[in-house]
Amino acid sequence: MAVPLRFSTPAPSSRLEEIIPGSDRIEELSDSSGEYEDMGTATVEEQAHIAYLNSVRIPITDSLETATSRMDDKTAEIILPFLEGNPDGFTLNTFGIPKLQRESHAGALEAFLGDYPARVAFMDASRPWIVYWALQSLTALGIDISAYQKRVAHTFSLAQHPDGGFGGGYGQLPHLACTYAAILSLAMAGGTETYETINRKTLWHFLGRMKQADGGFTMCPGGEEDIRGAFCAVVILSLTNLPLELPPDAPARKRGLTSFTDGLGEWISKCQSWDGGISAAPGNEAHGAYAFCGLGCLAILGPPKETLPKYLNVPILINWLSSRQCSPEGGYNGRTNKLVDGCYSHWVGGCWSIVEAATTTGLWNRTALARYILSACQDEEAGLRDKPGKNSDAYHTCYNLAGLSAAQHQYKYDENVNKGLGTGNLGAAYHWKTEGVYDGKNNVWDEGDVVKTIHPVFVIPYMSVYEMRKYFEEKEGF
Amino acid sequence: MPKFYHDDEAWADIAPLPQDDGGLHPLAAISYSDEYSEAMGYLRAVMAKNEYSDRVLGLTEHIISMNPAHYTVWLYRANTISEIGRPLQDEIAWLNPTALKHMKNYQIWHHRHTIIDALGSADGEAEFISSMLEKDSKNYHVWSYRQWLVKRFDLFDKPEELEWTHSMIESDVRNNSAWNHRYYIVVGGREGKLSVELAKQEIGYTQAAIRKAPQNQSPWNYILGILRAAELPKSTLKDFTCEFADVQRPEEVYSSHALDILADIYAEEENSKENAAKALELLATKYDPIRANYWNYRKGLLDQPNIAA
């Protein structure tokens with residue numbers, strides 16, 4: 001079977017791999033193959049990176065060319081120079097990997113929260129997302145966001161709809177994604193006055209209108225039903241500690257449902273696809289972002305050890321999640337045979353804490369992910385991105401940093417943590433803790449590259465999670 | 001040319017509701033153009049009085065042209081269409097070029113879904129979808145919409161549906177979206193268990209696809225899905241899988257996915273745990289080392305009873 005080389009550097013033949021030990025192999029290749037000119041000029045650090053990439057590469061490539069393989073090859077050609085060397089000339093850490101460029105990212109994030117020109121009117125319904133992504137990224141970098149507190153509260157009070165829930169801005173209809181971003185942003189901003197801007201009574205009614213007879217949730221009135229709706233709804237219900245019973249005017253009541261959680265686990269179950277992943281809705285293709293939504297939802301419905309095996313085939317889920325890690329890039333893709341993208345650092349990378357809480361630790365390759373984020377996803381100017389050649393933005397900055405946090409910190413579920421909190425409805429997710437920074441083989445980050453801890457289910461700082469829930473647990477009535 | 005309403009006689013009876021950002025400066029504020037700002041002011045005004053009319057239809061079209069991701073406008077447009085009884089075919093004709101321009105937009109697809117559902121006919125939709133997939137063959141919204149169509153119009157047994165799916169797999173055997181659609185029409189979207197006879201047909205089909213490119217994971221996953229649906233053991237695939245990997249000849253492995261399945265097949269056999277461990281070791285050390293932790297985890301499970309996936 002023909003095995004054409006896919007990448008910019010050669011995969012050593014299996015025979016060569018046997019004969020020559022890894023450290024000598026680079027020299028051997030650079031001596032013998034003149035077509036790889038850059039090998040001769042590689043620095044010691046670059047040689048080490050190239051040797052590493054060869055050591056994690058799948059040594060099998062099919063000869064059949066299709067649109068997918070052509071796109072893969074083209075993309076690898078663009079990405080690999082960033083994993084092999086340092087084309088943007090970043091300052092390097094002690095592992096020869098670009099340092100986390102804290103100052104430039106912070107600058108970009110401040111700008112994301114600022115004013116936008118008229119030509120980006122297409123973002124008018126997504127402003128809550130931008131605020132959430134930027135605030136979450138700032139906290140991940142350890143930057144104090146208290147200066148934004150009042151403006152966060154004000155921004156979302158304008159977007160709150162009189163009938164409940166939050167829209168993209170003033171006068172827009174309520175939407176679960178906007179409401180999710182709003183609640184998380186308000187939790188990060190913190191403080192009684194901020195919390196009290198939320199009209200929980202109308203919010204409860206809005207969520208009631210989104211609940212569907214089949215157990216899932218629609219995103220907005222008359223809108224699509226998918227697993228984002230289920231995840232957003234339980235995040236909101238849990239953080240604001242709303243009653244689990246459906247409001248009297250919820251249409252699903254006419255179909256015999258009485259609780260927000262009725263049929264929900266079963267609905268998530270139907271979203272697990274034939275290959276083990278989780279899709280937007282039953283029958284659709286498995287996808288990394290929807291996998292996180294499904295797992296996050298189950299981790300709020302109960303302890304992962306109970307809810308994951310109850311509603312999912314866990315062994316095939318793990319196989320699918322594991323397959324998302326691209327070789328040799330180390331980053332994740334979102335679907336089988338799709339391209340690596342920095343945002344899946346969180347959407348897939350973030351699934352592992354929840355899966356490991358249901359099984360055992362040490363299932364995935366944390367350092368390969370961190371290597372992809374630090375080497376390939378930092379924009380030369382500022383912010384983080386999908387991959388080299390793409391622009392950085394608030395979305396990719398947020399989810400690359402969240403993925404980096406998942407790789408660097410060990411998040412553990414422990415029911416003995418916070419025993420006084422989350423005793424009521426949807427309280428399982430308040431029992432997570434951090435068990436230190438991961439320190440394993442092939443580490444690629446220095447202390448200065450470590451981002452802050454992030455709650456593995458709510459994807460905001462732990463303190464923001466606890467304080468908001470505690471406030472609403474102690475509050476009587478709406 | 002920008003379009004304005006304040007000097008348009010047809011809108012003289014409406015007082016626009018400007019955006020109220022009162023007090024502090026909001027975060028991530030957009031300095032709207034006068035045109036966008038004014039159109040949104042008129043939209044808020046007509047929404048406040050629940051007006052559904054032809055002029056509202058025109059207004060929503062105008063705003064969508066400036067911001068196609070504006071779910072509020074789409075939802076109000078859908079209500080307007082239903083209230084004024086706009087011919088649904090006209091709406092679809094208007095929608096087609098808009099959809100081609102903005103393929104990764106949730107709202108457009110949901111709108112189409114709403115309109116086609118009300119229309120009660122899927123005529124022309126297959127052709128439209130094909131033209132969309134020519135531009136982006138793995139577009140998630142397009143494929144999800146196709147699955148909805150199959151269910152809504154019960155196209156499971158329509159031969160053209162399977163033939164079209166086959167042609168999509170033919171043109172790129174690595175298109176996982178096409179494999180997902182095949183699974184949906186063969187078993188996923190239907191009630192009841194997959195018959196052994198049909199499962200065997202699917203296995204034959206998939207084996208041919210695997211032979212074209214054995215390192216392609218989609219058909220391997222597909223074949224496992226079929227086995228699970230028909231409640232057949234993985235050992236059904238043993239001979240086939242051994243064509244691509246043999247733990248006794250570790251130099252001649254043509255598919256890491258074959259090794260993965262072989263490990264499970266051996267694990268389920270009496271006295272073959274050693275071979276299962278060997279397959280997993282080959283994956284961890286040589287054929288798929290980035291997932292070494294996962295393969296080692298699977299190896300650890302061999303010592304525990306009942307490890308079948």
Side-chain angles (χ1 to χ4, degrees), chain A residues 1 14 55-56 58-62 64 66-69 113 115-118 120-127 130-131 150-152 154-155 158 167 170-173 175 220 222-224 274-275 280 283-285 287 315-316 319 322-323 325 327-328 330 335-338 362-365 368, chain B residues 17 19-21 23-33 36 44 66-72 75 78 106 110 137-138 140 143-144 147 172-177 180 183-184 188-189 212-218 221-222 225 251 253-256 286-291 293-294 297 309:
Chain A
M1 199 169 298
S14 46
S55 77
V56 294
I58 296 175
I60 305 169
T61 311
D62 293 324
L64 178 76
T66 65
T68 297
S69 67
L113 288 167
D115 288 351
Y116 288 83
V120 297
F122 62 86
M123 292 186 348
D124 200 17
S126 312
R127 289 180 44 236
I130 293 165
V131 173
K150 287 204 158 60
R151 285 176 69 198
V152 174
H154 175 67
T155 302
L158 297 170
Y170 176 79
Q172 299 186 30
L173 294 172
H175 193 285
C220 53
E224 64 277 12
W274 47 277
D275 53 7
N284 297 160
E285 187 183 3
H287 185 293
I316 61 168
N319 187 288
S322 183
S323 298
Q325 195 152 22
S327 162
R335 300 185 251 163
T336 304
N337 286 328
K338 290 273 287 179
L363 296 178
W364 60 298
N365 194 335
Chain B
L17 285 176
Q19 177 152 334
D20 178 7
D21 279 346
L24 288 164
H25 191 67
L27 295 169
I30 300 170
S31 315
Y32 305 110
S33 66
Y36 183 82
R44 284 187 286 266
M66 294 183 282
N67 177 7
H70 211 319
Y71 63 89
T72 299
L75 293 169
Y106 281 87
H110 185 68
S137 64
K138 299 177 182 179
Y140 201 87
W143 283 103
S144 301
Q147 278 125 37
D172 184 353
V173 74
R174 298 182 178 94
N175 186 342
N176 196 62
S177 306
N180 181 67
Y183 190 86
Y184 186 71
K212 286 187 190 173
Q215 189 53 30
N216 170 19
Q217 196 173 16
S218 295
N221 280 341
Y222 183 83
E251 291 313 306
V253 171
Y254 302 107
S255 170
S256 66
K286 184 169 178 186
Y287 286 104
D288 193 17
I290 206 156
R291 271 165 281 283
N293 285 344
Y294 169 67
Y297 158 74

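The figures that follow rest on heavy atoms only: side chains count, while hydrogens, waters and symmetry mates do not. Throughout, protein chains are lettered first and strands after them, A, B, ... in sequence-line order, and every chain is numbered starting at 1.
Neither the backbone nor the side chain of B:S137 has a heavy atom closer than 4.5 Å to any heavy atom of chain A. For chain A, the nearby parts of B:Q215 are the backbone and the side chain; heavy atoms of each come within less than 4.5 Å. For A:A121, the parts sitting under 4.5 Å from any heavy atom of chain B are the backbone and the side chain alike. When heavy atoms are compared at a cutoff of 4.5 Å, A:H154 approaches chain B solely by way of its side chain, counted from C-beta outward. Contacts between A:L158 and chain B at a heavy-atom distance below 4.5 Å involve the side chain alone, from C-beta outward. Heavy-atom distances place both the backbone and the side chain of B:Y32 under 4.5 Å from chain A.
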Verdict with supporting geometry, A:D62 and B:R174, side-chain contact (heavy atoms from CB on, under 4.5 Å): CA-CA 11 Å; A:D62 293 324; B:R174 298 182 178 94; 3.7 Å; yes

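Scanning both residues, B:P289 and A:S55, for their nearest heavy atoms gives CG-O, 3.2 Å. For the residue pair B:N67 and A:A125, the shortest heavy atom distance occurs at ND2-N, 4.4 Å. Taking both residues in full, the closest heavy atoms of B:L75 and A:L173 are given as CD1-CD1, 3.9 Å, listed atom of the first, atom of the second, then distance. Of all heavy-atom pairs spanning A:P59 and B:K286, the tightest one is CD-O, 3.2 Å. Between A:L64 and B:A213, the shortest heavy-atom contact is CD2-CB, 4.1 Å. The minimum heavy-atom distance between A:I60 and B:Y254, with the atom names listed, is CG2-O, 3.5 Å.
Taking OH from A:Y170 and CG from B:D21, the interatomic distance works out to 9.5 Å, rounded to the nearest 0.5 Å. Between the CG atom in B:L24 and the CZ atom in A:R151 there is a gap of 7.5 Å [rounded to 0.5 Å]. Within the model, atoms CD1 of A:I316 and CG of B:N221 stand 9.0 Å from one another, a figure rounded to the nearest 0.5 Å. The CG atom of B:N293 sits 9.0 Å away from atom OG of A:S322, with the distance rounded to the nearest 0.5 Å. We find the NE2-OG distance between B:H70 and A:S126 to be 9.5 Å, quoted to the nearest 0.5 Å.
Side chains of A:N337 and B:N216: a donor-acceptor N/O pair is present below 3.5 angstrom, by distance only. A donor-acceptor pair shorter than 3.5 Å can be found between the side chains of B:Y36 and A:D124. Side-chain contact annotation: A:N319 with B:Y294, donor-acceptor N/O pair under 3.5 Å present. Judged purely by distance below 3.5 Å, without hydrogens or angles, the side chains of A:T336 and B:Q217 never pair a donor atom with an acceptor atom. Of the N and O atoms on the side chains of B:Y140 and A:N284, not one donor lies less than 3.5 Å from an acceptor on the other residue. B:S31 and A:D115 share no donor-acceptor pair across their side chains, judged by distance under 3.5 Å alone. Donor-acceptor pairing under 3.5 Å is lacking for the side chains of B:R291 and A:S327.
Below 30°, between 30° and 60°, or above 60°: for A:W274 and B:Y222 the angle between ring planes is above 60°, a perpendicular geometry.
Two residues are said to be in side-chain contact when any heavy atoms from C-beta on lie closer than 4.5 Å; B:N176 and A:E285 meet this criterion. At a threshold of 4.5 Å between non-hydrogen side-chain atoms, the residues B:D288 and A:I58 count as touching.
Here A:G362 is the residue among A:G330, A:C220, A:G362 with the most heavy-atom pairs under 4.5 Å with chain B. For chain A, the option among B:S33, B:P26, B:G225, B:G188 with the highest count of heavy-atom pairs below 4.5 Å is B:P26. Chosen from A:G222, A:G283, A:P117, A:G167, the residue pairing most often with chain B at heavy-atom distances under 4.5 Å is A:G283.
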